[in-house]
Amino acid sequence: MSLPRLFINAAMSADGKIASHLRKQFKLSGKADFARVDRLRAENDAIMVGIGTLLADDSSLTVKSEKLRERRLQKGLVENPARIVVDSRARTPLNADLFKKGLGERIIITSQAADKDKIERLQERATILTAGYRKVNLRRAVEELGRLGYQRIMVEGGATLNWSLIHEGLVSEIYTFISNQIIGGATSPTLVDGTGYTMPDETTKLRLISAEPLDNGILLRWQIQK
């Protein structure tokens, strides 16, 4: 069985930051990019985020356009793609917006080390997948998502999850909207954080597919070279 196709979509400042050093989100793009992201959500089977992003943003991860939701329904799909949270310790709040808004599957991917009482409570609101002992084994998790029928998955961060998926060779493309702003901050999260590479020959290489002016910035589409 082939692995699902995962791609990362993110907005960042001109200096590569996706939030402030306080993890505060900035409005980095405008209406045109918001509409593009909504179309991407509607076109895919699932949306994946890390627990850090969920705790910081509390996004519902829903398709905002009524027309796009109707189009999904006409195709026999649920109005929203599945919403997936990678959450090794089962920290997803029970009152998170993704549980409150929009129809569609919710999936929490956790590890064997997660608190069993927390998992039991989350099971009332979401499907629980366990992959890995102390932290989520992403390759096993993605394989299981493929077995469940999810073949096109949009990853919306954050920086640590982006790094882990790229490092594991699980991402095929990266969409980056680069705004006309400077955020700065030595500890501000970037598009990809994590441990990073130590040697020049280890780095992940990209091929530029397209570059398109959008809003007050530019949208770059990259293919990851295997």
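- Arg134 and Ala113 make their closest contact through CA-CB, 3.9 Å (heavy atoms, listed as atom of the first residue, atom of the second, distance).
- For the atom pair OH of Tyr150 and CD of Glu105, the computed distance is 4.5 Å after rounding to the nearest 0.5 Å.
- Panel note: side chain Lys101, backbone Thr62; no donor-acceptor pair is recorded below 3.5 Å.
- Under a cut-off of 6.0 angstrom, the local environment of NZ in Lys205 is crowded, with over 12 non-hydrogen atoms contributed by other residues, nucleotides or ligands.
- Glu156 and Thr53 share no donor-acceptor pair across their side chains, judged by distance under 3.5 Å alone.
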Report the C-alpha separation of Arg5 and Glu173 in whole Å, then their side-chain angles, then the decisive distance to 0.1 Å, and conclude whether the side-chain contact (heavy atoms from CB on, under 4.5 Å) test is met. CA-CA 9 Å; Arg5 174 184 175 271; Glu173 291 184 9; 3.3 Å; yes
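- The shortest side-chain heavy-atom distance between Met48 and Leu145 falls under the 4.5 Å cut-off.
- Side-chain atoms of Lys100 come within 3.5 Å of backbone atoms of Asn95 as a donor-acceptor pair (strictly under, hydrogens ignored).
- Ile153 is not listed as a side-chain neighbour of Ile47, based on a closest heavy-atom distance of 4.5 Å or more.
- Classification of Arg147 and Glu144 as a salt-bridged pair holds, one side-chain N sitting under 4.0 Å from a carboxylate O.
- Put simply, the side chain of Ser13 never gets that close to the backbone of Ile182: no donor and acceptor are under 3.5 Å apart.
- Across all their heavy atoms, Ala114 and Ala90 have their closest contact at CB-CB, 3.9 Å.
- Each of Val155 and Val85 belongs to its own hydrophobic cluster when Ile, Leu, Val, Met, Phe, Trp and Tyr are linked at side-chain heavy-atom distances under 4.5 angstrom.
- Not one N or O on the side chain of Thr130 forms a donor-acceptor pair closer than 3.5 Å with the backbone of Ser111.
- With sequence neighbours left out, Phe99 forms a ring pair (Phe, Tyr, Trp, His ring centres under 6.0 Å) with no residue at all.
- Summarising the geometry of Ser188 relative to Ile183, their closest heavy-atom pair is OG-CG2, 4.5 Å, with the distance given to 0.1 Å.
- In this structure, OG1 in Thr92 is found 10.5 Å from CD1 in Ile109, a value given to the nearest 0.5 Å.
- Side-chain atoms of Arg69 and Glu66, non-hydrogen and from C-beta on, do get closer than 4.5 Å to each other.
- Cluster membership check: Val142 does not share its hydrophobic cluster with Leu61, using side-chain heavy-atom separations under 4.5 Å among Ile, Leu, Val, Met, Phe, Trp and Tyr.
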Given side-chain contact (heavy atoms from CB on, under 4.5 Å), test Val171 with Thr204 step by step and report yes or no. CA-CA 11 Å; Val171 175; Thr204 296; over 6 Å; no
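- Panel note: side chain Arg106, backbone Arg125; no donor-acceptor pair is recorded below 3.5 Å.
- Ring centroids of Trp163 and Tyr197 are separated by less than 6.0 Å, placing the two rings close together.
- From Gln112, atom CD reaches atom CD1 of Ile119 across 9.5 Å, with rounding to the nearest 0.5 Å.
- A chain of hydrophobic side-chain contacts below 4.5 Å, direct or via other Ile, Leu, Val, Met, Phe, Trp or Tyr residues, connects Val192 to Val136.
- By the neighbour-count criterion of 12 heavy atoms within 6.0 Å, atom CZ of Arg140 is densely surrounded, having more than that number from other residues, nucleotides or ligands.
- Side chains of Ser88 and Ile51 form no contact here, defined as non-hydrogen atoms less than 4.5 Å apart.
- Surrounding CZ of Arg71 are at most 12 heavy atoms belonging to other residues, nucleotides or ligands under 6.0 Å away.
- By the 4.0 Å N-to-carboxylate-O rule, Arg221 lies too far from Glu212 to be salt-bridged with it.
- The main-chain N or O of Ser60 is found under 3.5 Å from a side-chain atom of Arg83 such that the two form a donor-acceptor pair.
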Can you give each donor-acceptor pair under 3.5 Å made by side-chain atoms of residues 32-39, sequence neighbours left out, with the distance rounded to 0.1 Å?
residue	atom	partner	partner atom	Å
Asp33	OD1	Arg36	NE	2.7
Asp33	OD1	Arg36	NH2	2.8
Asp33	OD2	Ser29	OG	3.0
Arg36	NH1	Asn9	OD1	2.9
Arg36	NH2	Asn9	OD1	3.1
Asp38	OD1	Lys64	N	2.7
Asp38	OD2	Lys64	N	3.2
Asp38	OD2	Ser65	N	2.7

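- Other residues, nucleotides and ligands place more than 12 heavy atoms under 6.0 Å from the CD atom of Gln225.
- A donor-acceptor pair under 3.5 Å is formed between the side chain of Asp45 and the backbone N or O of Arg152.
- Val78 and Arg72 make their closest contact through O-NE, 2.7 Å (heavy atoms, listed as atom of the first residue, atom of the second, distance).
- How far CD1 of Ile18 is from OG1 of Thr190: 6.5 Å, rounded to the nearest 0.5 Å.
- Leu3 is listed as a side-chain neighbour of Glu143, based on a closest heavy-atom distance under 4.5 Å.
- A side chain to side chain contact (heavy atoms under 4.5 Å, CB included) with Ile178 is found for one member of Leu214, Leu220, Asp15, Leu219 and no other, namely Leu220.
- Side-chain contact between Ser164 and Leu170 is absent, with no heavy atoms from C-beta onward closer than 4.5 Å.
- Between the side chain of Asn80 and the main chain of Gly104, no donor-acceptor pair closer than 3.5 Å is present.
- Clustering ILVMFWY residues whenever any of their side-chain heavy atoms sit less than 4.5 angstrom apart, transitively, puts Met154 in a cluster other than the one holding Ile224.
- Within 6.0 Å of atom NZ in Lys116, more than 12 heavy atoms from other residues, nucleotides or ligands are found, so the atom counts as buried in its surroundings.
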Is there a side-chain contact (heavy atoms from CB on, under 4.5 Å) between Leu129 and Leu148 once you walk through the steps? CA-CA 11 Å; Leu129 299 182; Leu148 291 173; 4.0 Å; yes
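- Ile209 contributes atom CD1, which lies 10.0 Å from atom CH2 of Trp222 (distance to the nearest 0.5 angstrom).
- Hydrophobic clustering of Ile, Leu, Val, Met, Phe, Trp and Tyr side chains at less than 4.5 Å, counting indirect connections, keeps Ile84 apart from Phe7.
- Leu6 contributes atom CG, which lies 6.0 Å from atom CG of Leu165 (distance to the nearest 0.5 angstrom).
- The two residues Phe26 and Ser20 make their nearest non-hydrogen contact at CE1-CB, 3.4 Å.
- At least one donor-acceptor pair under 3.5 Å links the side chain of Asn162 to the backbone N or O of Leu191.
- Under the 4.5 Å side-chain criterion, counting only non-hydrogen atoms from C-beta, Leu54 is not in contact with Arg91.
- Asp97 places no side-chain N or O within 3.5 Å of a backbone atom of Ser59 that could act as its donor or acceptor partner.
- At most 12 non-hydrogen atoms from other residues, nucleotides or ligands lie less than 6.0 angstrom from CD of Glu120.
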